[in-house]
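Input: a single structure, listed below in structure tokens.
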Amino acid sequence: MRAYNFSAGPSTLPLDVLEEAQREFLDFSGTGMSVTEISHRNKAFSQIVEEGERLLRELLHIPEDYAVLFVQGGASTQFAAVPLNLMHNGKADYIVTGNFAKKAFEEGKIYGDAACVASSADKTYTYIPDLKNVPFRDGTDYVHICSNNTIFGTRYIEFPETKATLVADMSSEILSREIDVNKFGVIYAGAQKNLAPAGVTIVIAKRSLIQSPLPLCPTMLQWKVQDENGSLYNTPPCFSIYMAVLVLRKFKKEGGIKAINEINEYKAGLLYDFIDNSSFYTNSVVKKYRSIMNVPFVTPSAEQDESFLKGAAKEGLVSLKGHRLVGGMRASIYNAMPVEGVKALIAYMKKFEKDNA
Ligand SMILES: *Cc1c(COP(=O)(O)O)cnc(C)c1O
């Protein structure tokens with residue numbers, strides 16, 4: 001029996017994609033080799049990398065003057081790559097809206113004068129700060145934000161107007177809603193939330209901004225080098241890239257990001273409506289900033305949370321435990337979570353409430 005997996009990441013992948021990968025596992029593209037065995041210089045594989053780039057450009061409407069890269073090290077490595085590629089004046093602003101935004105900020109401080117110019121830490125990250133009144137500094141190289149906050153369940157509904165280059169960590173929401181790439185200098189995202197197995201990270205960067213990485217920037221972290229080598233400077237995470245391409249093909253077939261976003265809004269709407277109409281469950285995020293990807297909630301007590309999670313697992317609703325910083329539950333309902341999974345969760349929540357309220 002396949003579980004409904006609400007993990008925040010690595011997370012559920014589309015069943016038909018997993019089955020396709022299984023069918024193709026021993027013979028990738030007629031080569032007589034598994035995709036896990038083939039050289040990354042083999043034409044059949046380099047075509048996969050090119051297709052991945054093409055599909056990302058098409059789905060996200062990425063302009064030609066942006067590089068689209070597949071790199072390793074997870075989003076956390078990009079916390080360092082951002083200053084190492086962009087911090088020419090040694091100065092950057094960060095908006096801190098959660099745990100990963102804070103980690104990015106801490107990493108930025110290693111390389112220069114990084115300042116937290118706005119934060120929602122005062123209310124345990126349950127909102128996004130007012131973007132009209134952020135005291136951005138002059139002469140900064142970039143402003144860094146985290147557009148969807150995986151642990152606390154918030155998201156930006158609009159993006160700040162900044163004189164400096166806007167950089168966004170979109171790990172937990174990439175490809176879940178339409179975005180205007182032109183607003184950003186750099187977007188990066190670990191793939192293991194919404195796109196592929198762990199191992200590959202997407203970087204979308206305006207080429208004119210990435211031509212002179214800092215002298216100390218490791219070669220592997222130089223976006224320029226990755227771009228010049230078509231993401232094949234060294235051995236890439238071949239299997240994760242292959243899986244990403246299968247998922248991207250599916251997103252395209254399903255009508256692209258607009259269509260996917262409508263389903264995501266519908267799924268999140270079902271769950272939030274149910275929570276809001278219940279006097280048993282609570283989500284404490286300011287409504288307009290609620291994430292449509294990560295939905296944290298609690299019952300009236302920690303004991304009931306525990307028993308909720310135990311009962312859920314028995315019903316095949318797994319990985320619902322909230323992050324240790326927040327407690328309670330968190331349902332991550334990424335692109336690959338079917339509507340039926342959300343409905344099954346709500347049915348269980350109803351039953352649990354009836355038995356325990
Ligand atoms: C998961 C996550 C990260 C960390 O990703 P890694 O690939 O594990 O380094 C960073 N930022 C956000 C928003 C995330 O959701």
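Start at 1 and go down the list; that is how both ligands and their atoms are numbered. Computation of the quantities below employed the complete heavy-atom set of this structure, encompassing side-chain atoms and omitting hydrogens, waters and symmetry-equivalent molecules. None of these values were measured; they are calculated from a predicted model.
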Closest protein heavy atom to atom 11 (N) of ligand 1, given as residue, atom name and distance to 0.1 Å
Asp169 OD2, 2.6 Å
Below 3.5 angstrom, do we get any N/O pair linking Lys193 and ligand 1?
yes
Arg137/Asp93 ion pair, N-O < 4.0 Å:
yes
Consider salt bridge (Lys or Arg N to Asp or Glu O under 4.0 Å). Of Glu178, Glu161, Glu158, which one does Lys183 pass it with?
Glu161
Testing the 3.5 Å rule here: is there a donor-acceptor pair between the side chains of Tyr233 and Glu228?
no
Considering only heavy atoms of Cys146, which atoms of ligand 1 have at least one such atom less than 4.0 Å away?
13 (C)
Tell me whether Ala75 has any N or O atom under 3.5 angstrom from an N or O of ligand 1.
yes
Presence of salt bridge, Arg207 and Asp227, under 4.0 angstrom:
yes
Is there a path of hydrophobic side-chain contacts, each under 4.5 Å between heavy atoms of I/L/V/M/F/W/Y residues, joining Tyr242 to Val71?
no
May I ask you to identify the nearest protein heavy atom to atom 4 (C) of ligand 1, giving residue, atom name and distance to one decimal place in Å?
Phe100 CE2, 3.6 Å
Quick one: do Ile210 and Leu232 end up in the same hydrophobic cluster if we chain Ile, Leu, Val, Met, Phe, Trp and Tyr together by side-chain heavy atoms under 4.5 Å apart?
no
Any atoms of ligand 1 less than 4.0 Å from a non-hydrogen atom of Phe79? List them with their elements.
10 (C)
Does some non-hydrogen atom of Gly9 fall short of 4.0 Å from ligand 1?
no
For Gln192, is the nearest heavy atom under 4.0 Å from an atom of ligand 1?
yes
Based purely on interatomic distance, does Thr150 place a nitrogen or oxygen under 3.5 Å from a nitrogen or oxygen of ligand 1?
yes
Numbered in order shown, the ligand 1 atoms found under 4.0 Å of a heavy atom of Gly74 are 7 (O), 9 (O)
